[in-house]
J.: 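Dropping the structure in here first, questions after.
Residues: numbered from 1 along the sequence shown.
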Amino acid sequence: QVQLVESGGGLVQAGGSLRLSCAASGRTFSSYTMSWFRQAPTKEREFVAATRWAGGSTYSADSVKGRFTISRDSAKNTVYLQMNSLKPEDTAVYYCATGLVGLRVGVRSEYAYWGQGTQVTVSS
């Protein structure tokens, strides 16, 4: 049974930083892609960033490039999202997701497992 547990969300002022963590368990993730999505009120869930567990390739949405960085700690089976220069429009529930290594990173339906989400609120 795969489990993804996010943590690190909270309230921060615009321009501040947060680091989200996603602890994965239940299998070996060497053949998987780990990603972050977010969903703001009344909006669809959108892709934020991804990393291929094998090889470490990373991808990010244009809206967060240069501000957010995804990384992983293989020994801890944990993926991180470092968020800098936060803006009020980054306010959302952030979800960790995982699926097979070859999936299309921005396509929600290709992810098999999701975490419960962690709230990030950026005040102006």
J.: Is there a side-chain contact between Trp53 and Thr98 (heavy atoms, below 4.5 Å)?
T.: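 Not touching, per the 4.5 Å side-chain cut-off.
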J.: Do Leu81 and Val105 belong together in a cluster built from hydrophobic side chains that touch within less than 4.5 Å?
T.: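 Not linked; separate clusters.
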J.: Are Phe47 and Tyr59 close enough that their ring centres sit under 6.0 Å apart?
T.: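 Judged by ring-centre distance (under 6.0 Å), Phe47 and Tyr59 do not meet the cut-off.
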J.: Counting only N and O atoms by type, is there a donor-acceptor contact under 3.5 Å from the side chain of Thr33 to the main-chain atoms of Arg52?
T.: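 Not a single qualifying donor-acceptor pair exists.
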J.: Looking only at non-hydrogen atoms, find the nearest pair between Ser124 and Ala14 and report the distance.
T.: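 Shortest heavy-atom contact: CA-CB, 4.4 Å.
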J.: Looking at Glu6 and Gly117, would you say the former's side chain and the latter's main chain have a donor-acceptor pair under 3.5 Å?
T.: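 Yes.
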J.: Given side chains that start at C-beta, do those of Thr91 and Gln119 come closer than 4.5 Å, heavy atoms only?
T.: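 Thr91 vs Gln119: side chains touch.
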J.: Sorted by first residue and then second, give each side chain to side chain donor-acceptor pair (under 3.5 Å) pair with at least one member in residues 13-23; sequence neighbours left out.
T.: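 Those involving residues 13-23 are Ser17-Asn84.
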J.: Does atom CD (Gln3) have a neighbourhood of more than 12 heavy atoms from anything else shown, all under 6.0 Å?
T.: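 At most 12 heavy atoms, drawn from other residues, nucleotides or ligands, come within 6.0 Å of this atom.
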J.: Could you tell me which non-hydrogen atom of Leu11 sits nearest to which non-hydrogen atom of Ser123, and how far apart they are?
T.: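 Minimum heavy-atom separation between Leu11 and Ser123: CD1-CB, 4.4 Å.
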J.: Hey, what do you get for OG (Ser25) to NZ (Lys76), rounding to the nearest 0.5 Å?
T.: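 One gets 15.5 Å once the value is rounded to the nearest 0.5 Å.
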J.: When the ring planes of Phe68 and Tyr94 are compared, do they come out parallel, tilted or perpendicular, using 30° and 60° as the limits?
T.: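 Aromatic pair Phe68/Tyr94 classed tilted.
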J.: Arg45: what forms a salt bridge (Lys or Arg N to Asp or Glu O under 4.0 Å) with it, not counting sequence neighbours?
T.: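 Arg45: no salt bridge (Lys or Arg N to Asp or Glu O under 4.0 Å) contacts found.
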J.: So that I can tick it off, tell me whether Asp90 and Lys87 are bridged by a salt bridge, with the cut-off set at under 4.0 angstrom between side-chain N and carboxylate O.
T.: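 A salt bridge is absent here (no side-chain N lies under 4.0 Å from a carboxylate O).
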J.: Just how far is it from atom OG1 of Thr69 to atom CD of Gln82, taken to the nearest 0.5 Å?
T.: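 Going from OG1 on Thr69 over to CD on Gln82, the span is 7.0 Å.
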J.: Between Val48 and Tyr113, is there shared hydrophobic-cluster membership here, with clusters defined by ILVMFWY side-chain heavy atoms closer than 4.5 Å?
T.: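 Yes; tracing contacts between hydrophobic side chains, which count when under 4.5 Å, links both residues.
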J.: Which heavy atom in Ala97 sits nearest to a heavy atom in Leu4, and how many Å separate them?
T.: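 For Ala97 and Leu4, the tightest heavy-atom pair comes out as CA-CD1, 3.8 Å.
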J.: So, applying side-chain hydrogen bond (donor to acceptor under 3.5 Å, both in side chains) with Ser35, which one of Tyr111, Trp114, Tyr95 is it?
T.: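 Looking at Tyr111, Trp114, Tyr95, the match for Ser35 under the side-chain hydrogen bond (donor to acceptor under 3.5 Å, both in side chains) is Tyr111.
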J.: Indicate if Phe37 and Leu100 have the same hydrophobic cluster label, given that clusters are the connected sets of ILVMFWY residues with side-chain heavy-atom separations under 4.5 angstrom.
T.: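 As far as the 4.5 Å side-chain criterion goes, Leu100 and Phe37 are not connected within one cluster.
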J.: Are Tyr80 and Val93 connected in a single hydrophobic cluster, I mean Ile/Leu/Val/Met/Phe/Trp/Tyr linked by side-chain heavy atoms less than 4.5 Å apart?
T.: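 No.
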J.: Quick check on the hydrophobic clustering: are Val2 and Met34 connected, directly or via other members, by side-chain heavy-atom contacts under 4.5 Å?
T.: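 Yes, Val2 connects to Met34 through the hydrophobic network.
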J.: Quick check for you: to the nearest 0.5 Å, what is the distance between Trp36 atom CH2 and Met83 atom CE?
T.: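 Here the interatomic distance stands at 8.0 Å.
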J.: Specify the closest pair of heavy atoms between Ser63 and Arg38, including all atoms of both residues, with the distance to one decimal.
T.: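 Ser63 and Arg38 have their closest heavy atoms at OG-NH2, 3.6 Å.
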J.: Please round to the nearest 0.5 Å and tell me the distance separating atom CG of Leu103 and atom OG of Ser109.
T.: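 The CG atom of Leu103 sits 9.5 Å away from the OG atom of Ser109.
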